[in-house]
**Student:** 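Here it is: the structure, laid out below.
A, B, ... follow the sequence lines: proteins, then strands. Residue 1 opens every chain.
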Amino acid sequence: MNCLDDILHILLSKVESNPNASAEFALKKAIGELNITSDEQNEIEEAFRTLDSINEKSKDLEAAREDGRTRIGWIEDQLSDIADASGDHAEEIISKIQKGTETALDHTLNQEF
Amino acid sequence: MITEFISSAAESIDSNISKIENISEAVYSGDNLPVSHGLQFQLFQDALESEFNSPSELEAKKLMSAALLIAKNKGLLPEGISNKIGAEDVAILVDDTFTIMKAAYQIATGKIDVYEGADIIIIVPLHALWRSQI
């Protein structure tokens, strides 16, 4: 095992033979081969939970769109919620979001390919 | 302030549409893409070709996140990614990157048009903000 690609291939190979297998299943099957410790396993499961949460949020957006909401309207509500929860720091946070959006898009679209 | 942000993000997306088209061309014709090797696996193929937020997409993102975290702990991360990156950061990095890659792939293969692709990736910056609500 020499690089990220090799690790990904090992994990993918665990689900390839079983189309219904989950990432959690692949991880358990690869523990020995990849020498994954319990601490590493906990860290990976934390990432899985984050992805599950993002997926749920994204599904909320799709459901809102099916109910006739616009994507922009939904984003405005999300930002309003964040701003409301942020109190005195709202302006600073939104400014950072604005700058971050521009930087992320510029970086991703210019340099990733 | 929020309206300004939305307008700014929309303008930014709009000005980058030609770049998205360039990415689509690269996805369609290139074999040096990060996911090119993964495409030989059915899960990756399904993840890229399915509807957005599909079960196969979620599983592919989880496997990519797991691979990154394992690589981090073995000192095998690609150059440019800090070995101090945490689990949440990895999840968001993978989610954002895969979403943009998938949009480009589906534009390249004609499943969605470039404006639909831009519409999808406009919410990507929000992913990092949701972490405070997760």
**Student:** Check this for me: E51(B), atom CD, are more than 12 non-hydrogen atoms of other residues, nucleotides or ligands nearer than 6.0 Å?
**Tutor:**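 Count not over threshold, so no.
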**Student:** Decide side-chain contact (heavy atoms from CB on, under 4.5 Å) for N35(A) and K74(B); before the verdict, give the C-alpha distance in whole Å, the side-chain angles of both, and the deciding distance to 0.1 Å.
**Tutor:** CA-CA 10 Å; N35(A) 297 316; K74(B) 297 186 184 316; 4.0 Å; yes
**Student:** State whether the side chain of E59(B) and the backbone N or O of S22(A) hold a donor-acceptor pair below 3.5 Å, judged by distance alone.
**Tutor:**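 Checked: no pair found.
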**Student:** In terms of heavy-atom pairs under 4.5 Å with chain B, which of E40(A), E43(A), E62(A) leads?
**Tutor:**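 Between E40(A), E43(A), E62(A), the count favours E43(A).
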**Student:** Counting only non-hydrogen atoms closer than 4.5 Å, does I120(B) touch chain A with its backbone (N, CA, C, O), its side chain (CB onward), both, or neither?
**Tutor:**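 Contact with chain A is through both the backbone and side chain of I120(B).
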**Student:** Between L58(B) and F25(A), is there a shared hydrophobic cluster once you connect ILVMFWY residues whose side-chain heavy atoms come closer than 4.5 Å?
**Tutor:**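 Different hydrophobic clusters.
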**Student:** Against I36(A), only a single residue in I70(B), L69(B), N73(B) fulfils side chain to side chain contact (heavy atoms under 4.5 Å, CB included); can you say which?
**Tutor:**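 By the side chain to side chain contact (heavy atoms under 4.5 Å, CB included) criterion, I36(A) pairs with just one of I70(B), L69(B), N73(B): I70(B).
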**Student:** If you look at every heavy atom in A47(A) and S65(B), which pair is closest and at what distance?
**Tutor:**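 Closest approach of A47(A) to S65(B): CB-CB, 4.3 Å.
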**Student:** Between D52(A) and K62(B), does a side-chain contact (heavy atoms from CB on, under 4.5 Å) hold up when you go through it step by step?
**Tutor:** CA-CA 9 Å; D52(A) 282 333; K62(B) 285 183 175 180; 3.0 Å; yes
**Student:** If you round to the nearest 0.5 Å, how far is CG of L4(A) from CE of M64(B)?
**Tutor:**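 These two atoms lie 8.0 Å from each other.
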**Student:** Shared ILVMFWY cluster between L34(A) and V15(A), side chains joined below 4.5 angstrom?
**Tutor:**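 Linked within one cluster.
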**Student:** Using the rule side chain to side chain contact (heavy atoms under 4.5 Å, CB included), only one of I7(A), L11(A), I10(A) pairs with L63(B); which is it?
**Tutor:**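 It is L11(A); the other options fail the test.
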**Student:** Once rounded to the nearest 0.5 Å, what's the spacing between atom CD of E88(B) and atom CG of L51(A)?
**Tutor:**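 E88(B) CD to L51(A) CG: 10.5 Å, rounded to 0.5 Å.
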**Student:** Could you give the distance from CG (N53(B)) to NZ (K57(A)), rounded to the nearest 0.5 Å?
**Tutor:**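 Answer for the CG-NZ pair, N53(B) versus K57(A), is 13.5 Å.
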**Student:** With a cut-off of 6.0 Å (strictly less than), are more than 12 heavy atoms of other residues, nucleotides or ligands near NZ of K29(A)?
**Tutor:**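 At most 12 heavy atoms, drawn from other residues, nucleotides or ligands, come within 6.0 Å of this atom.
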**Student:** Counting heavy-atom pairs under 4.5 Å with chain A, which one of A67(B), G86(B), A71(B) comes out on top?
**Tutor:**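 Heavy-atom pairs under 4.5 Å are most numerous for A67(B).
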**Student:** Under 3.5 Å, side chain of E16(A) to main-chain N/O of Q42(B), donor-acceptor pair present?
**Tutor:**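 Such a contact is found between E16(A) side chain and Q42(B) backbone.
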**Student:** Rounded to the nearest 0.5 Å, how far apart are CG of D5(A) and CG of L76(B)?
**Tutor:**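 D5(A) CG to L76(B) CG: 11.5 Å, rounded to 0.5 Å.
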